[in-house]
K.L.:
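Mind looking over this structure? Questions follow.
Every heavy atom of this structure was used, including side-chain atoms; hydrogens, water molecules and symmetry mates were not. Each chain gets a letter, A, B and so on, in the order the sequences are listed, and its residues count up from 1. All values derive from a computational prediction rather than experimental measurement.
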Protein chains: 2
Amino acid sequence: MTIGVRRPIVKDMPNYGGSLDRVFQALADGTRRAMVERLIRGPVSVSELARPLEMSLPAVMQHIQVLEACGLVRSEKIGRVRTCRIEPDVLRTAEDWLAGQRTSWERRLDRLGDYLLDDPGTPEEGSL
Amino acid sequence: MTIGVRRPIVKDMPNYGGSLDRVFQALADGTRRAMVERLIRGPVSVSELARPLEMSLPAVMQHIQVLEACGLVRSEKIGRVRTCRIEPDVLRTAEDWLAGQRTSWERRLDRLGDYLLDDPGTPEEGSL
DNA sequence: TCATTGGTTAAGGAAGTACTTGACTATAGG
DNA sequence: CCTATAGTCAAGTACTTCCTTAACCAATGA
């Protein structure tokens, strides 16, 4: 269940410590998304988190570990119960990346629209 | 490189055909995110996509297949060159899920604030 | 005190992921 | 026609992921 670190993907370009890798990877599992949805409504214990899920407790623990490893969740043990709470900032990181792509896309569409409307010159596709 | 379909995660609850699984899984890889970032700027051929990446062409093809399998990218072959373009709607699907979580979180915080400010009654944590 | 509840650890296995190399097909251009 | 370019297919491999079972420990609470 560990998530490894890989070498840089694109030549001469940092990859933000692969944190987006870990966050998206964490969210790529329906069980973990269900946990996030539950945690968004408020902190809960491990067994509370586990109750609606059709799997063993250790499996649930491993999912929690993945969520904690990417900073999406924090937990604290008091007595014998471990209470998990969500860390919304990390969720935001992922949302920001997505939003960034969308706005780039939208700006590109705008430029493309302007070009089609009022300039009969011949700039290349790649420059748009 | 195939992405399988699993059984329902939470009892008696549909999982939207696992499409979020596939999208987040696709985005969990830095190479594929780099491809998305490139594609957002405009359609490109496979080898164009491959150029900045330090891996073999077949590897690049496999990443493209993952992106196509979740609907994030479409491609069309004309002559001997395959041109890939992004499908922004699917990107939006992921963004929407994230945004939904954030707004749930924010609404919960509001309710919590109201409660702390003006009601000395005793509603339970879970009801907030 | 002693069973129960809540959680944890360790080990193992089936399936999935991210590459590789090598061989191969199909255009495009001279 | 012939070579280079662009892409594809198949197989193999190292590693990761998701889950299991079988112990096990540590706080409750009767």
K.L.:
Please report the distance, rounded to the nearest Å, between CE in B:M55 and P in D:dA14.
P.N.:
19 Å

K.L.:
Between C:dC19 atom P and B:L53 atom CG, what is the distance in whole Å?
P.N.:
9 Å

K.L.:
Tell me which pairs pass salt bridge (charged side-chain N to carboxylate O under 4.0 Å, His left out) where either residue lies in residues 93-102 of chain A, with sequence neighbours left out.
P.N.:
A:E95-B:R102, A:R102-A:E106, A:R102-B:E95

K.L.:
List for me each residue that meets side chain to side chain contact (heavy atoms under 4.5 Å, CB included) alongside B:T93, sequence neighbours excluded, and say none if there are none.
P.N.:
B:L20

K.L.:
How long is the line joining CZ of B:R51 and P of D:dA6, in whole Å?
P.N.:
10 Å

K.L.:
How many Å lie between NE2 on A:H63 and C1' on C:dG7, as a whole number?
P.N.:
16 Å

K.L.:
Would you mind listing every salt bridge (charged side-chain N to carboxylate O under 4.0 Å, His left out) that reaches into residues 60-75 of chain B, with sequence neighbours excluded?
P.N.:
B:R74-B:E87

K.L.:
Is the distance from OP1 or OP2 of D:dG7 to the nearest side-chain N or O of B:S47 less than 4.0 Å?
P.N.:
yes

K.L.:
Report yes if a side-chain nitrogen or oxygen of A:S56 is closer than 4.0 Å to either non-bridging phosphate oxygen (OP1 or OP2) of D:dC19; otherwise report no.
P.N.:
no

K.L.:
Can you tell me the distance, in whole Å, between the CG atom of A:L49 and the C1' atom of C:dG7?
P.N.:
13 Å

K.L.:
Please report the distance, rounded to the nearest Å, between CD1 in A:I64 and C1' in D:dC18.
P.N.:
15 Å

K.L.:
Mind listing the N/O atom pairs, protein and nucleotides 8-11 of chain D, below 3.5 Å?
P.N.:
| residue | atom | partner | partner atom | Å |
| --- | --- | --- | --- | --- |
| D:dT8 | OP1 | B:R82 | NE | 2.5 |
| D:dT8 | OP1 | B:R82 | NH2 | 2.7 |

K.L.:
To the nearest 0.5 Å, what is the distance between OG on B:S19 and CD on B:Q25?
P.N.:
13.5 Å

K.L.:
Can you name the side chain to side chain donor-acceptor pair (under 3.5 Å) partners of A:W97, sequence neighbours left out?
P.N.:
B:E37

K.L.:
Taking atom C1' of D:dA6 as reference, at what distance in whole Å does atom CD of B:E48 sit?
P.N.:
13 Å

K.L.:
Between P on D:dA27 and CD on A:E76, what's the gap in Å once rounded to a whole number?
P.N.:
15 Å

K.L.:
Sequence neighbours excluded, which residues qualify as side chain to side chain contact (heavy atoms under 4.5 Å, CB included) partners of B:R107?
P.N.:
B:S104, B:R111

K.L.:
Listed by chain and number, what are the side chain to side chain donor-acceptor pair (under 3.5 Å) partners of A:Q101, not counting sequence neighbours?
P.N.:
none

K.L.:
Which residues satisfy the side chain to side chain contact (heavy atoms under 4.5 Å, CB included) test with B:V90, sequence neighbours excluded?
P.N.:
B:V23, B:L72

K.L.:
Would you find a donor on one side and an acceptor on the other, under 3.5 Å apart, between the side chain of A:R32 and the backbone of A:A26?
P.N.:
yes

K.L.:
Collect all protein-nucleotide pairs involving nucleotides 28-30 of chain C in which both atoms are nitrogen or oxygen and the distance is under 3.5 Å.
P.N.:
| residue | atom | partner | partner atom | Å |
| --- | --- | --- | --- | --- |
| C:dA28 | O4' | B:R80 | NH2 | 3.1 |

